[in-house]
Amino acid sequence: MTIRVVLADDQALLRGMLRLLVDNTPGMEVVGEATNGAEAVELAREQRADVVLMDIRMPEVDGLQATRMLTSDERTADVKVLILTTFEVDEYVAEAIRAGAGGFIGKGTDPEDLVRAIETVAAGEALLSAAATKALMARFQRQAEHPWQRQTERLDVLTPREREILTLVGRGLTNEDISRHLSLSPHTVKTHINRAMGKLGVSERAQLVVIAYESGLVRPGDGP
């Protein structure tokens with residue numbers, strides 16, 4: 001199946017370069033270009049986009065607000081958002097993920113890595129660049145110094161297995177990794193993750209990572 005991509009950036013030159021990259025990648029096509037967040041939402045809805053490659057700083061409606069609009073609308077709830085920005089700072093990363101973005105990557109990314117990022121997000125997996133991950137970890141490290149800020153009570157709705165899988169998701173394991181680690185089928189792992197997302201009221205896997213850290217279930221430096 002072809003991944004249908006909407007490009008949202010107010011710089012025409014950058015959009016042109018991204019279009020060349022996407023349209024020349026087998027299995028992908030650009031179905032629209034937007035100069036602001038409102039246009040991105042409209043195009044995503046009209047063109048039945050799979051992924052919106054979204055800048056943060058745009059006129060009128062910025063990328064964060066546009067992401068919230070997409071994820072809160074049942075007509076575009078299945079559209080994945082990959083934030084592509086110059087500003088990989090913790091405030092933007094955390095806010096983008098809370099808004100429902102599936103990934104966060106810098107504009108200095110190599111073309112091959114950007115293509116893989118689009119494929120990853122389109123498949124429903126979480127994707128954070130190294131710089132974005134570092135920024136986010138720094139934020140969580142500061143929060144860890146104030147344990148009263150942890151939102152442990154929100155995890156009470158999860159079963160022990162769902163909590164266990166949330167921990168592994170927070171540590172960066174893929175569904176296949178979790179399947180092998182717990183000796184469960186990939187389908188069972190996906191079912192647990194979907195149930196946890198439903199109970200916690202989130203729509204993207206990346207949001208589970210944030211919850212795992214904010215609740216103290218996972219700490220910066222924890223490995224797989």
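The first residue in the sequence is number 1, and the count goes up from there.
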Nearest heavy-atom contact between G103 and L82 is C-CD1, 3.6 Å
Name all pairs fulfilling the salt bridge (Lys or Arg N to Asp or Glu O under 4.0 Å) condition that reach into residues 77-86, sequence neighbours left out, sorted by first residue then second.
K80-E204
Sequence neighbours left out, what passes salt bridge (charged side-chain N to carboxylate O under 4.0 Å, His left out) with R45? Give chain and number order.
E42, D73
Sorted by first residue and then second, give each side-chain hydrogen bond (donor to acceptor under 3.5 Å, both in side chains) pair with at least one member in residues 1-21; sequence neighbours left out.
R4-E29, D9-K107, R15-E33, R19-D23, R19-E33
Intermediate values then yes/no, side chain to side chain contact (heavy atoms under 4.5 Å, CB included), V31 and V5
CA-CA 6 Å; V31 295; V5 181; 5.9 Å; no
Chi angles and distances behind the side chain to side chain contact (heavy atoms under 4.5 Å, CB included) call for L217, L166
CA-CA 8 Å; L217 203 59; L166 173 61; 3.7 Å; yes
Rounded distance (nearest 0.5 Å) linking atom CG of L158 with atom CD1 of I165
10.5 Å
Would you indicate whether the side-chain heavy atoms of V22 and N24 approach each other to under 4.5 Å?
no
Between A99 and T71, the two heavy atoms sitting closest are O-OG1, 2.9 Å
Between K199 and T159, is any pair of side-chain heavy atoms under 4.5 Å apart?
yes
Using side-chain heavy atoms (C-beta onward) and a distance below 4.5 Å, is D55 in contact with L84?
no
Test item: side-chain donor near acceptor, S185 and T188, under 3.5 Å
yes
State which residues pass salt bridge (charged side-chain N to carboxylate O under 4.0 Å, His left out) with R180; sequence neighbours excluded, sorted by chain then number.
D177
Apart from M17 itself, residues in the same hydrophobic cluster as defined by side-chain heavy atoms under 4.5 Å
L13
For the residue pair A49 and V6, what are the closest heavy atoms and their distance?
CB-CG2, 3.7 Å
Residues I83 and A101: closest non-hydrogen pair is CG1-CB, 3.8 Å
Minimal heavy-atom distance between D62 and I56, with the atoms involved, is CB-O, 3.1 Å
Checking one residue: L20. Which other hydrophobic residues are in its cluster under the side-chain 4.5 Å linking rule?
none
Please round to the nearest 0.5 Å and tell me the distance separating atom CZ of R75 and atom CZ of R48.
13.0 Å
Using the side-chain hydrogen bond (donor to acceptor under 3.5 Å, both in side chains) criterion, which residues pair with T76? Sequence neighbours excluded.
none
Compare all side-chain heavy atoms of V81 with those of V51 and state whether any distance is below 4.5 angstrom.
no
What pair of heavy atoms forms the shortest contact from V61 to A38, and how long is it?
CB-N, 3.6 Å
Considering residues at least two apart in sequence or located in another chain, which fulfil the side-chain hydrogen bond (donor to acceptor under 3.5 Å, both in side chains) criterion with E164?
R161
Return each pair, listed once, that meets salt bridge (Lys or Arg N to Asp or Glu O under 4.0 Å) where at least one residue sits in residues 109-119; pairs must be two or more places apart or across chains.
D113-R116
Check step by step if side chain to side chain contact (heavy atoms under 4.5 Å, CB included) holds for L53 and V30.
CA-CA 10 Å; L53 200 53; V30 173; over 6 Å; no
Sequence neighbours left out, what passes salt bridge (charged side-chain N to carboxylate O under 4.0 Å, His left out) with E46? Give chain and number order.
none
Taking the side chain as every heavy atom from C-beta outward, state whether V169 and V209 have any pair of such atoms under 4.5 Å apart.
yes
Are side-chain heavy atoms of P111 and L21 found at a separation under 4.5 Å?
yes
Any donor-acceptor pair under 3.5 Å from T167 side chain to A212 backbone
no
Contact between T25 and I3 at the side-chain level, heavy atoms closer than 4.5 Å - yes or no?
no
Evaluate the criterion side chain to side chain contact (heavy atoms under 4.5 Å, CB included) for residue pair L168 and L182; output intermediate values, then yes/no.
CA-CA 10 Å; L168 297 177; L182 298 179; 3.9 Å; yes
State which residues pass side-chain hydrogen bond (donor to acceptor under 3.5 Å, both in side chains) with S72; sequence neighbours excluded, sorted by chain then number.
none
Would you find a donor on one side and an acceptor on the other, under 3.5 Å apart, between the side chain of E39 and the backbone of T35?
yes
Flag side-chain contact, heavy atom, 4.5 Å: D50 against V79:
no
Quick one: CE on M1 to CE on M28, what's the gap to the nearest 0.5 Å?
13.5 Å
Quick one: do R195 and E162 make a salt bridge, cutoff under 4.0 Å?
no
Which residues pass the salt bridge (charged side-chain N to carboxylate O under 4.0 Å, His left out) test with K190, sequence neighbours left out?
none
